[in-house]
Amino acid sequence: MMAVVAARELRDGEVVFVGIGLPNLACNLARRTHAPNLVLIYESGAVGAVPDRLPVSIGDPALVTGSLMVCGMADVFQLFLQNGKIEVGFLGGAQVDRFGNINTTVIGPYERPKVRLPGSGGAAEIAIHARRVLIVSKLSPRAFPERVDFITSPGERVQRVITDKGVLEPDGPKGELVLTALYAGVEPADVQAGVGWKLRCRPNLAQVAAPAAADLHLLRDELDP
Amino acid sequence: MMAVVAARELRDGEVVFVGIGLPNLACNLARRTHAPNLVLIYESGAVGAVPDRLPVSIGDPALVTGSLMVCGMADVFQLFLQNGKIEVGFLGGAQVDRFGNINTTVIGPYERPKVRLPGSGGAAEIAIHARRVLIVSKLSPRAFPERVDFITSPGERVQRVITDKGVLEPDGPKGELVLTALYAGVEPADVQAGVGWKLRCRPNLAQVAAPAAADLHLLRDELDP
Amino acid sequence: MQDAVARFVRDGDTVVIEGFTHLICFAAGHEIIRQRRRDLTLCRLTPDLIYDQMIAAGCARKVVFSWAGNPGVGSLHAFRRAVEGQGGLEIEEYSHFGMVARFAAGAAGLPFWPLRDYVGTDLPRANPRIKAVTCSYTGEALATVPALNPDVTIVHAQRADAQGNTQIWGLLGVQKEAAFASQRVIVVVEELVEERVIRGDPNRTVIPAMIVDAVVVEPWGAHPSYAQGYYDRDNDFYVRWEAISREPAKLESYLDEFVYGVTDRAAYLKKSPGLTTRLEAKAQISAGVNYGF
Amino acid sequence: MQDAVARFVRDGDTVVIEGFTHLICFAAGHEIIRQRRRDLTLCRLTPDLIYDQMIAAGCARKVVFSWAGNPGVGSLHAFRRAVEGQGGLEIEEYSHFGMVARFAAGAAGLPFWPLRDYVGTDLPRANPRIKAVTCSYTGEALATVPALNPDVTIVHAQRADAQGNTQIWGLLGVQKEAAFASQRVIVVVEELVEERVIRGDPNRTVIPAMIVDAVVVEPWGAHPSYAQGYYDRDNDFYVRWEAISREPAKLESYLDEFVYGVTDRAAYLKKSPGLTTRLEAKAQISAGVNYGF
């Protein structure tokens, strides 16, 4: 369901910097449905990839075969990302805070971490250089604390946070995340239960349309069996 | 003759950054005679070129076909030259001064040039980064002034200046060029006549061996008909 | 070509027609001359014959360059007249590395590029835009050059698909950097190919469609420059240029006949019978590699 | 491989085994473990399973990295134990762009590299080697990272000639930069080819012989990583690693059986019958291009 909602955020023809996991699933779903001309760029160097299997990693050989361009990573980060050619950056995250800052580095203090997470990878520069940043993450108080333990990716350019119960968007000057849309049958209280700060709601909450049967079929039977 | 003498300066297996004209002729002669494993790098991006005709320009297609590597110019200047991988830099020059500084930019003042020469090309960085710099130039008071009108390439790394009458080498702390070898039948005075400053001579001047018939044949009949 | 130049090249623009000896797009230069663009800032490592012609035709206000000669032949006389005399042509001069670094900075979205260069040379004195920066790790001073971000870059290539995914082999010069640094990009190709040809060998793609504004198909569009695998460099013409450019009158009549006197590249080629057979490339085809998994 | 590691990898060295998912040289990592190298500073964007194994085997004093996980699967548990507990493994952390920039600086012979990054992140607080520089043209502040110049870099590639002229296709990662930045370079290839194969397609050459110290022929040397056109990634093994690395005892016995328990790659492959048939690449050959003139 999150993948379907995330896929809707992508417009045909856009250039998307794709992270692994749900973002990857959402991008490939969008490419197979309403956005056939979506240009998928992976930090591994594959541009315009058309994977014939769901890539397990962002360096999967299926991203290379039949892609439009394969370049070194220095070009990916300098000529494409830093040079402002990427429209959408798609990130997941262990922790997302009240202002959309993401932490994928450590739980606990950096020098003596409780849990050592993988770290930035390309997430820091994606959040800084992509014109629009989308986050996909499941709600839980641990995943949505008021403040993250470590800012791996700053929240300035975050436009939407797609969760498993509703959608959050930045609001006001400091870009505090507020609830703007709910999945069918979900109450604001259910979302608040998964968020570590007093969550504000937009006056008239939108309702997230249910996924089309075709999309679910595509997801379950083809993209992510 | 100058090309033959210049070719002798190159050792088998060395990596040489090749400029067009006489240097190019000398390098290809050396490759065809005593230095078959000479690695020729052209600023155009051809590495390990084996031209089957004498290239008219350093971007000749014959330098590409059958070469070991062809890379972009950013790699040529950063990864090879600036990174210290070039052993010998081979330069010509409209003017060479008492300390081996080369001018290929202007005769006269820069803002109001009497003669506008082509400019640096890669000569500035070749003179700065090649471990050994060789210069090939015909003697004449205009070509060898005491001071050049414009320093395009600094003389610090110049090891030998091969002329049409003898060989000059840097001597002393400031690296003043002095006469160290003469072609057969040439007197120091003949060389002095083509140099714009009071030329000092090494005590025991070497005699430059005459070119082998085979070399001349190769030059005249094959490399440079 | 006519439409592409009309739409994307404007008076006063900073224009780059790149290609180091290889793939210099004379067809685009000639069309810019025919459309009488003015006050252009022309940037190239080697102005070459193409900018000599554009200077003679009055298109240029300024030239930014690093080596202005006719390789192995002699001078660019129109350029020299404009610089030596009261031609009033403005110049901004670097070394090749300096120009490459300017394109690299522009392509990377950085304001400058650091390089070890110019120590002991008079170039910084001649060009105040060459500055220095101190390394915060080692304390050493490095030279810097400012980013170059053209209004429009024109790249000639062997092939591209209709969207503009462009592949080049042989000498690559600084085309990739110049294209990524540019506001607008025109790609001119010898051959338009199906997307699947591009996708069949993605490591050869140098310029992606997302940064391309127009794709023009112009066979022999680089003559007298060359296209590896398509045609050889016309070295005879480069030699002939010495005499043509030396005489303003001769240069004038050259432009009249081969630039103003023709409507497009096809007409240009008709004026030199036997040219294509003389320069056509022999076949030396590389073996394929396996992209399977 | 035994000789190359014995000659060129020394205790205390800064070692790079690069390759982004693609062409990670496990054969070299295993040989380094067998030869019991110690106090190594291991640098990679993604430590991946290979460094997790080398950390578990006690080869590492320090790890320099930007993403330490098992992609799409989970954690590198040996790495985590060494960092979370009193493992005492030193770490130096960047983002991918930061690591790429460090290699780029090292390869270009520069002491640092400028990039627009880290604004609003806590990374500079965690790593004081991330500094800033002010642009002398625009006055803006840019981040900088210091050059990375390894003692030895090991690059796995599809093919090279006997001299070390090396060609790679598919994902290129930062291998070229890492090799040019390194004091010593070991190239490990799937196939040794004649020089004329390299010369037949010079645009595919990524590493020239002049910077290569040793060429090792080691088919399947990248498994469980992959080599485009030769074999697929062993995703099953990457999944199995989660359980193996979670239990120190299991990891120990894995090393005993598949690393210490074998003398070389051939013996390693014999231990997994059916592996090569399961992962062997299907053919998808690219068309050649014309290098003639």
Select one option (side chain, backbone, both, neither) describing which atoms of [X] are under 4.5 Å from chain C's heavy atoms.
X       : result
L171(D) : neither
R159(D) : side chain
E140(D) : side chain

With a 4.5 angstrom heavy-atom cut-off, which part of [X] approaches chain D: side chain, backbone, both or neither?
X       : result
I168(C) : neither
Y291(C) : both
L142(C) : side chain
A132(C) : backbone
R204(C) : side chain
T144(C) : both
V133(C) : side chain

query = Counting only N and O atoms by type, is there a donor-acceptor contact under 3.5 Å from the side chain of K131(C) to the main-chain atoms of Y137(D)?
reply = no
query = Just by modelled atom types, is the V289(C) backbone N or O under 3.5 Å from a matching donor or acceptor in the S286(D) side chain?
reply = yes
Heavy-atom pair with the smallest gap, counting every atom of [X] and [Y]:
X       : Y       : answer
K282(D) : N290(C) : O-ND2, 3.3 Å
N203(D) : G170(C) : OD1-N, 2.7 Å
A281(D) : G292(C) : CB-O, 3.8 Å
R116(D) : P111(C) : NH2-CD, 3.4 Å

I'd like to know which of [options] tops the heavy-atom pair count under 4.5 Å against chain D.
options                            : result
A105(C), C135(C), G200(C), A108(C) : C135(C)
A227(C), A283(C), A287(C)          : A283(C)
P202(C), S136(C), A147(C)          : S136(C)

inquiry  = Any heavy-atom pair between the side chains of W113(C) and P114(D) that's under 4.5 Å?
reply    =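 The answer is no; the side chains never approach within 4.5 Å.
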key: Pick from Y231(D), Y226(D), W169(D) with the largest number of heavy-atom pairs that fall under 4.5 Å of chain C   = W169(D)
message = So which residue, L172(D), L279(D), V145(D), ends up with the most heavy-atom pairs under 4.5 Å with chain C?
response =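 Looking at each option in turn, the highest pair count goes to V145(D).
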remark   = In this structure, CD of E280(D) is separated from CZ of F293(C) (nearest 0.5 Å) by 14.5 Å
